[in-house]
There are 2 protein chains.
Amino acid sequence: MFFLRDLPSRRMVEVYAERHDGLDVEAVRDALVLMRRASLLVRRLEAYFAAHGLSQLRFLVLIVIDREPERDGLSVTEIAERLDVSKPVITRTLAHLVEDGLIAIEADPDDARAKVVRLTEAGRATLSEVLPGYFALLSASGEDEGA
Amino acid sequence: MFFLRDLPSRRMVEVYAERHDGLDVEAVRDALVLMRRASLLVRRLEAYFAAHGLSQLRFLVLIVIDREPERDGLSVTEIAERLDVSKPVITRTLAHLVEDGLIAIEADPDDARAKVVRLTEAGRATLSEVLPGYFALLSASGEDEGA
DNA sequence: TGCCTTTCGTTACCATGATAACTAAAGAGC
DNA sequence: GCTCTTTAGTTATCATGGTAACGAAAGGCA
């Protein structure tokens with residue numbers, strides 16, 4: 001993402017609001033601030049993950065597998081659904097995670113089309129190493145920039 | 001961006017909170033909801049812009065030039081600064097906008113290194129065509145999904 | 001059984017973000 | 001006026017998002 005550095009100026013919105021009435025200036029401001037704050041938070045998170053050899057998506061893949069321990073692994077499609085990301089992106093991301101030894105992929109014994117994706121020990125270790133800092137960044141995100 | 005489809009479950013946060021105390025569960029939830037909402041809004045905006053032959057960045061380039069009418073055009077660097085995006089991305093985006101006839105780029109008479117980027121008539125026309133729908137989407141963004 | 005549709009995952013390709021390294025010109029300091 | 005540094009913009013390369021189209025297997029149904 002990204003967004004206008006200098007606060008999506010109230011002036012700008014008001015100027016345009018004059019020309020198009022019925023515009024809820026406050027709601028527009030809120031939406032702009034929402035995107036700006038989320039953008040900054042995502043940048044901080046990506047920088048944090050990069051320092052641990054991960055990306056936000058790689059991390060979230062580990063999370064969604066880990067948080068369903070009763071499921072003995074998820075399929076590629078299930079991961080894509082839970083993360084709301086397209087399947088080709090998941091395929092590529094899983095390949096990276098296998099390279100790094102954080103997950104293991106096996107054929108599904110019940111369906112020759114499907115695969116079962118599981119965390120490895122290293123994957124679980126990475127997750128517990130990264131989680132505290134992740135939550136700390138999320139906790140802190142409400143405090144900074146008055147954007 | 002993107003994010004966990006099923007609400008970044010409170011259960012998940014609480015489970016991890018137990019292991020790492022001092023964690024502000026509410027603040028974490030807020031941050032997750034923030035990212036999810038922004039992600040969905042950005043997707044809707046990108047879809048809207050795509051339907052008009054633009055992207056969010058191309059649109060914002062037009063906006064930042066348009067909102068400084070006293071400045072007779074901006075430099076590439078100034079646009080990059082205002083949008084908080086790297087210069088190579090701006091170079092590429094400007095090339096697309098020139099192809100589409102929405103902006104014009106000339107040499108800066110006062111500095112042989114620099115260029116002056118201005119909106120064309122078509123650029124201003126596109127902007128006024130797209131703005132109402134843009135603000136409408138922003139206004140509406142607070143109403144939907146309880147994410 | 002044999003076909004037709006659906007589903008699983010991948011491949012191929014495109015859009016858009018980043019950084020590193022480069023050229024050309026401007027500006028600082030002697 | 002000559003260097004050295006800084007600044008403007010581009011090029012090259014990479015990461016990560018998307019859609020379209022594909023092969024292989026499963027499933028529905030005559």
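Chain A is the first sequence line, chain B the second, and so forth, proteins listed ahead of strands; every chain is numbered from 1.
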Subject >> Partner residues of A/R71 under the side-chain hydrogen bond (donor to acceptor under 3.5 Å, both in side chains) criterion, sequence neighbours left out >> reply: A/E78
Subject >> Pair of N/O donor and acceptor under 3.5 Å linking D/dG18 base with B/R43 side chain >> reply: no
Original post:
Is the phosphate of D/dT10, meaning OP1 or OP2, less than 4.0 Å from a side-chain N or O of B/T91?
Top reply: yes
Original post:
If you measure from the Lys or Arg side-chain nitrogens to the Asp or Glu carboxylate oxygens, is any gap between A/R37 and B/D30 under 4.0 Å?
Top reply: no
Original post:
Heavy atoms under 4.0 Å, any strand shown: does B/T77 hit a base, just sugar-phosphate, or nothing?
Top reply: sugar-phosphate
Subject >> Gap between atoms CD and C1', on B/E81 and D/dA8 respectively (whole Å) >> reply: 11 Å
Original post:
Taking only side-chain nitrogens and oxygens of B/S75, does any of them come within less than 4.0 Å of OP1 or OP2 of D/dA8?
Top reply: no
**OP:** In whole angstrom, give the distance that lies between atom CG of A/L94 and atom P of D/dG17.
**Re:** 12 Å
Original post:
Do you know which of B/Y48, B/F49, B/F135 makes ring-ring contact (aromatic ring centres under 6.0 Å, His included) with B/F59?
Top reply: B/F49
Original post:
In terms of hydrophobic clustering (I, L, V, M, F, W, Y; side-chain heavy atoms under 4.5 Å; direct or indirect links), are B/L97 and B/V116 co-clustered?
Top reply: no
Original post:
Which one, C/dG17, D/dG17, C/dT16, comes nearest to the side chain of B/S55?
Top reply: C/dT16
**OP:** Could you tell me the separation between the NZ atom of A/K115 and the C1' atom of C/dT7, rounded to a whole number of Å?
**Re:** 15 Å
Original post:
What pair of heavy atoms forms the shortest contact from A/L137 to A/L41, and how long is it?
Top reply: O-CD1, 4.1 Å
Subject >> Nearest-nucleotide comparison on DNA chain D, the residue closer to the 5′ end among B/V76 and A/T93 >> reply: B/V76
Original post:
How does protein reach along nucleotides 20-27 of chain D, written 5' to 3' as B (base within reach of a heavy atom under 4.0 Å), S (only sugar-phosphate), or - (no contact)?
Top reply: B----BS-
Original post:
So which pairs with a foot in residues 53-64 of chain A pass salt bridge (Lys or Arg N to Asp or Glu O under 4.0 Å), sequence neighbours left out?
Top reply: A/R58-A/D100
Original post:
When you measure from the side chain of A/Y134 to the backbone N and O of A/L127, does any donor-acceptor pair fall under 3.5 Å?
Top reply: no
Original post:
Out of C/dT19, C/dG17, D/dG18, which has the shortest distance to the side chain of B/L57?
Top reply: C/dG17
Original post:
Do any of residues 95-108 of chain A sit with a heavy atom less than 4.0 Å from DNA chain C, and if so which?
Top reply: none
Original post:
Taking CG from A/L54 and P from D/dT16, how many angstroms apart are they, rounded to a whole number?
Top reply: 10 Å
**OP:** State whether B/S86 places a side-chain N or O below 4.0 Å from either non-bridging phosphate oxygen (OP1 or OP2) of C/dT19.
**Re:** no
**OP:** Give the rounded distance in Å between these two atoms: CZ of A/R58 and C1' of D/dA15.
**Re:** 8 Å
Subject >> Separation of A/T120 OG1 from A/I103 CD1 (nearest 0.5 Å) >> reply: 8.5 Å
Original post:
In whole angstroms, how far is the C1' atom of C/dA12 from the CZ atom of A/R92?
Top reply: 12 Å
**OP:** Please list, chain by chain and in numerical order, all residues satisfying side-chain hydrogen bond (donor to acceptor under 3.5 Å, both in side chains) with A/D110, sequence neighbours excluded.
**Re:** none
Original post:
Nearest-Å distance, CD1 (B/I79) to P (D/dA8)?
Top reply: 13 Å
**OP:** Check the distance between D/dA8's C1' and B/E78's CD and give it to me in whole angstrom.
**Re:** 11 Å
Original post:
Can you list every pair that meets salt bridge (Lys or Arg N to Asp or Glu O under 4.0 Å) and has a residue in residues 114-125 of chain B, with sequence neighbours left out?
Top reply: B/D72-B/R118, B/E106-B/R118, B/E121-B/R124
